[in-house]
Amino acid sequence: MGFYTEARTKEGRLIGSKSFQVWNPNVEHFYKSLGLENPYGQYSGDKGDISFTAEQLLDAYKYIENIEFYSEPIIEKLDPFVGMLTIAGGVQKLDSKAEKERTLEFLDICAAVALKEESVILNMG
């Protein structure tokens with residue numbers, strides 16, 4: 001369970017990946033930055049392959065730069081089963097600064113490749 005994104009060139013070469021645990025609400029910022037529906041509260045992103053241009057990825061980067069990341073799960077937005085497991089396992093704190101930095105790094109790499117190759121394909125799983 002969780003949200004896993006792989007970035008590939010049009011030829012299929014893997015250039016990076018980014019993941020969020022199922023209880024991590026920062027997936028909302030990542031998906032919204034790319035113009036996608038917020039999947040938080042579901043079990044996975046399951047959007048398939050989506051092609052993004054350098055401009056779209058740079059816009060996503062700017063969006064993430066200007067947003068404050070969450071530092072803990074939002075239990076009431078989770079699927080009841082996931083919420084129960086999250087509480088039972090002890091609500092985990094998130095390093096919001098590190099999470100944001102990793103997300104920016106991923107988008108930066110994707111945008112750089114897209115500038116050279118016109119686009120990058122993200123598999124939103």
Side-chain angles (χ1 to χ4, degrees):
M1 293 188 300
F3 307 93
Y4 182 75
T5 302
E6 279 189 350
R8 296 186 178 275
T9 64
K10 289 186 271 185
E11 294 77 31
R13 182 175 54 89
L14 180 67
I15 56 171
S17 64
K18 176 72 182 104
S19 63
F20 295 90
Q21 292 152 319
V22 70
W23 49 265
N24 185 338
N26 292 305
V27 70
E28 170 189 347
H29 303 316
F30 181 61
Y31 271 64
K32 282 186 172 182
S33 77
L34 295 167
L36 301 172
E37 184 180 325
N38 175 17
Y40 189 62
Q42 301 170 21
Y43 289 99
S44 73
D46 199 23
K47 301 283 186 207
D49 289 344
I50 304 173
S51 181
F52 291 93
T53 64
E55 182 179 359
Q56 289 172 304
L57 293 163
L58 290 169
D59 285 346
Y61 185 98
K62 291 174 192 169
Y63 178 91
I64 295 294
E65 259 188 329
N66 293 309
I67 205 94
E68 189 173 325
F69 269 41
Y70 299 107
S71 60
E72 59 187 46
I74 305 171
I75 302 297
E76 60 273 9
K77 287 188 176 182
L78 291 171
D79 174 88
F81 180 70
V82 174
M84 181 183 68
L85 290 175
T86 302
I87 291 169
V91 176
Q92 304 206 10
K93 293 288 184 184
L94 297 163
D95 183 342
S96 57
K97 182 179 178 186
E99 189 74 47
K100 183 174 183 172
E101 287 173 3
R102 285 190 295 268
T103 303
L104 288 170
E105 183 179 316
F106 176 76
L107 290 169
D108 187 48
I109 291 166
C110 291
V113 172
L115 277 170
K116 294 177 187 172
E117 302 197 13
E118 298 178 14
S119 66
V120 165
I121 297 167
L122 298 184
N123 179 274
M124 312 295 289

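Predicted, not measured: the structure shown is a model, and the values here were computed from it.
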Item to check | Electrostatic pair Glu99-Lys97, nearest N-O below 4.0 angstrom | outcome: no
Minimum heavy-atom separation for [X] and [Y], please, with both atom names.
X: Ala7; Y: Leu14; value: O-CD1, 3.4 Å
X: Leu94; Y: Pro25; value: CD1-CD, 3.7 Å
X: His29; Y: Tyr63; value: O-CE2, 3.6 Å

Atom [atom1] of [X]: over 12 foreign heavy atoms under 6.0 Å:
X: Lys62; atom1: NZ; value: no
X: Glu68; atom1: CD; value: no
X: Glu65; atom1: CD; value: yes

Please tabulate, one pair per line, all N/O donor-acceptor pairs under 3.5 Å involving side-chain atoms of residues 105-125, not counting sequence neighbours.
from	atom 1	to	atom 2	distance (Å)
Ser119	OG	Ser51	OG	3.4
Asn123	ND2	Asp49	OD1	2.7

Rounded at 0.5 Å granularity, tell me how far [atom1] in [X] sits from [atom2] in [Y].
X: Ile50; Y: Gln56; atom1: CD1; atom2: CD; value: 10.0 Å
X: Lys100; Y: Arg102; atom1: NZ; atom2: CZ; value: 13.5 Å
X: Ile64; Y: Asp59; atom1: CD1; atom2: CG; value: 12.0 Å

Next on the checklist: Quick check: is Leu57 connected to Ile15 through a chain of hydrophobic side chains (ILVMFWY, heavy atoms under 4.5 Å apart)?
Outcome noted: yes
Checklist entry - Per the ring pair (Phe, Tyr, Trp, His ring centres under 6.0 Å) rule, which among Phe3, Tyr61, Phe20 passes with Phe30? => result Phe20
Checklist entry - Between the main-chain N or O of Tyr70 and the side-chain N or O of Asn26, is there a donor-acceptor pair closer than 3.5 Å? => result yes
